**Student:** 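Please find one structure pasted underneath; my questions will follow.
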Amino acid sequence: MPELPDVEGFRGVVAEYGTGRRITAVRVADPGVLRGVGAGELTETLTGRSFGEPERRGKWLLVPLSGPLLLLHFGMTGSMVWDTGETPPHRHDRVTFVLTNGELRYRDMRKLRGIWLAADQDAADRLLADLGPDALTVGRREFDGVTRARRQIKATLMDQSALAGLGNLLVDEICWRARIHPRRQGDRLTEAERGELYRAMRRVLRDAIPTGRVPGRRSWLTGHRDGPHPTCPRCGTALAHGRAAGRTTVWCPRCQPDPDSG
DNA sequence: CGGCGTGTTCAGAA
DNA sequence: CTTCTGAACACGCC
């Protein structure tokens, strides 16, 4: 699930149920998700501290604990779940933060990423030093600079060090809305096309954040990419699929003309 | 058994 | 140096 809108939703869960609450215990069901910190150190550091106001940077969630910070990344299958403490642990609840009013659970099936512990704000900033500007707040001028790179536009938009927060589904959706083939070279986009891309990104993010994920609406490309014979919701043409930037990619061959044969 | 996947990183090729 | 591809990580589903 997790792209920017999903992580924004997890931030909301932590803000609503965690902020201001004291951690009474930490349960590490699977230390395999802990990165650079052991279960003992994590438990000792966190127990007794209170959750501060969580912050999202790209696909990362930062939770300050009056001194140290928790850094969480959700990979492809992670989530943050609130529970009153009455529901038995889910098989994929890898770490549970027990608070005074219930539990926040880091749930993740594939364990592709995990949880980091930073000693202070500087250490957290160093861990995230390579992150590019956040896709939700980047300005047009900075977006222009980033997307003028020579490589395929999909590769740039997915590159977290260029622009932070977009993933495979969002990038396909944005390119489709902007009518730009995902394999187009960034430095060959016209200024009008770059503007379409920027506007599509803003609109897609604005629409996706309240849902907490990329909505599979029938009017969106994302609502059609999994069907047996998917067609473009705009023109009805059969959608094309292939690979770009190493990922499964879906586009409309009519709305988004191929850069090589067009 | 084989293939696939809303993420990231690394090795190796061009 | 830049850009791209494929494999790897781990797990469940088809």
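Per chain, numbering begins at 1; letters A, B, ... match sequence-line order. What you see is a predicted model; the values in this text were computed from it and never measured.
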**Student:** Sugar-phosphate atoms are those with a prime plus P, OP1 and OP2; base atoms are the rest. Using that split, label each nucleotide of nucleotides 9-14 of chain B B, S or - for protein heavy atoms under 4.0 Å, 5' to 3'.
**Tutor:** S-----
**Student:** Between R21(A) and E16(A), is there a side-chain N and carboxylate O pair less than 4.0 Å apart?
**Tutor:**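 No, R21(A) and E16(A) are not salt-bridged.
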**Student:** Base contacts versus sugar-phosphate-only contacts with protein, heavy atoms under 4.0 Å: please encode nucleotides 2-7 of chain C as B, S and - from 5' to 3'.
**Tutor:** SSS---
**Student:** Could you give the side-chain donor-acceptor pairs of residues 58-69 of chain A under 3.5 Å, partners two or more places apart or in another chain?
**Tutor:**
residue, atom, partner, partner atom, Å
K59(A), NZ, L166(A), O, 3.1

**Student:** Would you classify T248(A) as touching base, sugar-phosphate or nothing, given that sugar-phosphate means primed atoms plus P, OP1 and OP2, and contacts are heavy atoms under 4.0 Å?
**Tutor:**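 Sugar-phosphate: the residue T248(A), judged by heavy atoms under 4.0 Å, touches backbone atoms but no base.
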**Student:** Are R177(A) and W220(A) in a cation-pi contact, defined as NZ or CZ under 6.0 Å from the six-membered ring centre and within 45° of the axis?
**Tutor:**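 Yes - R177(A) lies over the ring of W220(A), closer than 6.0 Å to its centre and within 45° of its axis.
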**Student:** Whether R107(A) and D93(A) form a salt bridge (side-chain N of Lys/Arg under 4.0 Å from carboxylate O of Asp/Glu) is what I want to check.
**Tutor:**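 Yes.
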**Student:** Quick one: are T77(A) and L112(A) in side-chain contact, heavy atoms under 4.5 Å?
**Tutor:**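 When only atoms from C-beta onward are counted, L112(A) and T77(A) do not touch, as no gap falls below 4.5 Å.
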**Student:** Inspect the contact between R56(A) and D134(A) and indicate whether a charged nitrogen and a carboxylate oxygen are less than 4.0 angstrom apart.
**Tutor:**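 Judged by the 4.0 Å cut-off on N to carboxylate O distance, D134(A) and R56(A) do form a salt bridge.
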**Student:** Which letter, B, S or -, goes with each nucleotide of nucleotides 8-14 of chain C from 5' to 3', with contact meaning a protein heavy atom under 4.0 Å?
**Tutor:** -BBBS--
**Student:** Does any pair with a residue in residues 123-172 of chain A pass ring pair (Phe, Tyr, Trp, His ring centres under 6.0 Å), and if so which ones, sequence neighbours excluded?
**Tutor:**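 Listed once each, the pairs are F143(A)-Y198(A).
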**Student:** Name all stems that contain residues of DNA chain B, defined as runs of 3 or more consecutive Watson-Crick or G-U wobble pairs, both distances under 3.5 Å.
**Tutor:**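 In DNA chain B, stems of three or more pairs: B:2-5 with C:11-14, B:7-14 with C:2-9.
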**Student:** Considering only NZ, NE, NH1 and NH2 on the basic side and carboxylate oxygens on the acidic side, decide whether R140(A) and D144(A) come within less than 4.0 Å.
**Tutor:**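 Answer for the salt bridge query: yes.
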**Student:** Do the side chains of Q152(A) and Q185(A) get nearer than 4.5 Å, heavy atoms only?
**Tutor:**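 Sidechains of Q152(A) and Q185(A): no contact.
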**Student:** Do L70(A) and V7(A) belong together in a cluster built from hydrophobic side chains that touch within less than 4.5 Å?
**Tutor:**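 Same cluster.
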